[in-house]
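First comes the structure, then the notes that go with it.
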Protein chains: 2
Amino acid sequence: MSQIVEINSEPTKQNKKELARQKSQALILDAAERLFSSSGYDGASMNAIANEANVPKANVLYYFKSKDNLYEAVLERILSNWNLGLIDISVNDDPAVALYKYIYLKVRLACEQPMQSRLFATEIIRGAPYLGDYIRNNTRPWFRKKIEVLQAWIDANKIAPVDPTHLLFMIWSSTQYYADYQTEILILQNKLEYEESDIQAITRSIAQLILGGLGLKLPENR
Amino acid sequence: MSQIVEINSEPTKQNKKELARQKSQALILDAAERLFSSSGYDGASMNAIANEANVPKANVLYYFKSKDNLYEAVLERILSNWNLGLIDISVNDDPAVALYKYIYLKVRLACEQPMQSRLFATEIIRGAPYLGDYIRNNTRPWFRKKIEVLQAWIDANKIAPVDPTHLLFMIWSSTQYYADYQTEILILQNKLEYEESDIQAITRSIAQLILGGLGLKLPENR
DNA sequence: TTTTTAATTGACCATACGGTCAAAACATTT
DNA sequence: AAATGTTTTGACCGTATGGTCAATTAAAAA
């Protein structure tokens with residue numbers, strides 16, 4: 001599995017090859033992400049994915065041994081991508097600033113990478129057959145820590161006493177909604193796509209309601 | 001399509017037959033709703049639906065001429081069910097009372113009929129191939145009217161000036177979330193299912209944040 | 001250059017899919 | 001009882017699916 005990676009600045013042949021390999025795989029993963037997210041696991045056929053990636057189907061199955069395997073790889077890539085950009089909240093932060101930033105980044109992610117959120121959503125709706133363990137072993141401990149942070153803020157009278165669990169769910173739901181229900185939202189607003197100004201307006205509205213509900217003022221330097 | 005329905009209290013033979021027919025269809029619709037909601041359109045096979053309903057597959061296709069047709073019928077039933085229980089908000093209502101009630105009913109629906117919300121969600125995520133027109137022709141006019149109500153409240157200084165569009169989206173998102181992401185929520189809270197007390201706690205938390213953000217107090221007689 | 005290894009691909013396979021059909025079973029009317 | 005209409009159902013069909021495989025090509029190592 002593992003491969004020795006040269007630290008040398010000049011890429012070796014091994015390095016080149018591995019790079020090409022990853023590039024090929026990334027191309028297939030991109031296509032798979034697009035199709036899985038729009039058509040669901042069963043709706044996206046290996047054939048369609050291969051076409052989307054402009055490679056023969058057998059090649060897809062050469063890199064990813066099965067459809068399950070490919071689906072899992074797509075999910076893992078999404079999760080690692082999310083973990084990269086995830087800004088934490090911690091006890092010593094100023095609640096208003098930290099929460100505003102958190103909301104803003106979540107809205108950005110939802111509007112700019114909606115496919116990832118949608119794929120995640122369908123996986124959960126199906127009963128999380130692949131992510132169940134991940135949520136139990138990774139998300140839950142992280143979740144509990146954040147609950148503690150929120151509770152600490154409440155105890156220190158920094159925010160109004162709201163059930164921290166549902167507060168966190170509310171931030172997740174109101175931001176993710178703009179990805180998952182994008183189609184409906186755009187129809188209702190008679191728009192073709194989100195613009196930069198929408199991201200600002202969404203963030204402001206969500207922050208206004210949630211921070212307001214917590215008895216906080218919107219931070220100055222947004 | 002339409003059939004003369006006897007108002008007579010004693011059911012005629014025709015009536016009996018029609019009733020049996022509707023009962024059969026309802027059984028199939030129930031099974032289809034369950035499977036479409038958990039496995040998606042493509043994931044739910046006609047065979048599986050027939051098994052779930054304990055009838056041969058050919059019988060399903062006798063009542064619903066195609067898979068598309070069946071899927072559409074399931075969606076229509078959900079929408080008509082939703083429209084039945086939907087409580088409106090209108091200009092003369094007391095904002096706090098009306099919004100609280102609206103939130104409460106949405107939470108109830110999400111927790112008690114999660115499959116319907118989930119099926120709706122996957123339909124939207126797929127790009128609303130069947131509901132696109134419905135949303136344009138029915139939901140959008142309704143949506144615009146509600147926006148007007150909210151704007152009127154703002155203009156009358158009854159609620160804080162928040163973008164009414166995003167306020168409405170926020171109510172929808174935070175309530176539907178408990179249906180669509182039920183699996184994740186239960187894992188995170190280490191629960192097996194929602195209880196009545198959860199419905200109360202969820203409603204209270206959402207109402208506290210949203211009403212608070214609007215500068216309203218929670219209504220007394222809840 | 002020769003040998004070895006990795007990547008690409010068209011052809012192929014068993015299975016499961018949505019959908020059809022005609023025959024049987026059942027009920028209703030004449 | 002006969003005739004008519006409606007449901008029920010097993011058998012069947014063409015097609016698309018996920019996946020395999022052996023043959024070919026490309027690249028790296030010897």
Partner set under side-chain hydrogen bond (donor to acceptor under 3.5 Å, both in side chains) for A:Y181, not counting sequence neighbours: B:Q176, B:D180
Only pairs at least two apart or in different chains count here, so list each side-chain hydrogen bond (donor to acceptor under 3.5 Å, both in side chains) that has a residue in residues 40-52 of chain A. A:R34-A:E52, A:Y41-A:D68
What is the distance from CG of B:N59 to P of C:dG19, rounded to the nearest Å? 15 Å
With a cut-off of less than 4.0 Å, is there a side-chain N or O of A:R21 near OP1 or OP2 of C:dA7? yes
Within a 6.0 Å radius of atom CG on A:L192, are there more than 12 heavy atoms belonging to other residues, nucleotides or ligands? no
Return the residues of residues 60-75 of chain A meeting this criterion: a heavy atom under 4.0 Å from some atom of DNA chain D. Order them by number, or give none. A:L61, A:S66, A:K67
Just jot down the ring pair (Phe, Tyr, Trp, His ring centres under 6.0 Å) partners of A:W82, sequence neighbours excluded, or say none. A:F120
With sequence neighbours left out, what residues match A:P56 under side-chain contact (heavy atoms from CB on, under 4.5 Å)? A:N59
Contacts of type side-chain hydrogen bond (donor to acceptor under 3.5 Å, both in side chains), residue A:Y71, not counting sequence neighbours: A:E123
Which residues pass the ring pair (Phe, Tyr, Trp, His ring centres under 6.0 Å) test with B:Y134, not counting sequence neighbours? none
Ring pair (Phe, Tyr, Trp, His ring centres under 6.0 Å) against A:Y62, all qualifying residues, sequence neighbours excluded: none
Those residues that, when tested against A:E195, pass side-chain hydrogen bond (donor to acceptor under 3.5 Å, both in side chains) (two or more places apart): none
By side-chain hydrogen bond (donor to acceptor under 3.5 Å, both in side chains), B:E112 pairs with (sequence neighbours left out) B:R108
Between residues 37-57 of chain B and DNA chain D, which residues have a heavy-atom gap below 4.0 Å? B:P56
Polar-atom pairs under 3.5 Å, protein N or O versus N or O of nucleotides 22-25 of chain D: list them with distances, or write none.
none

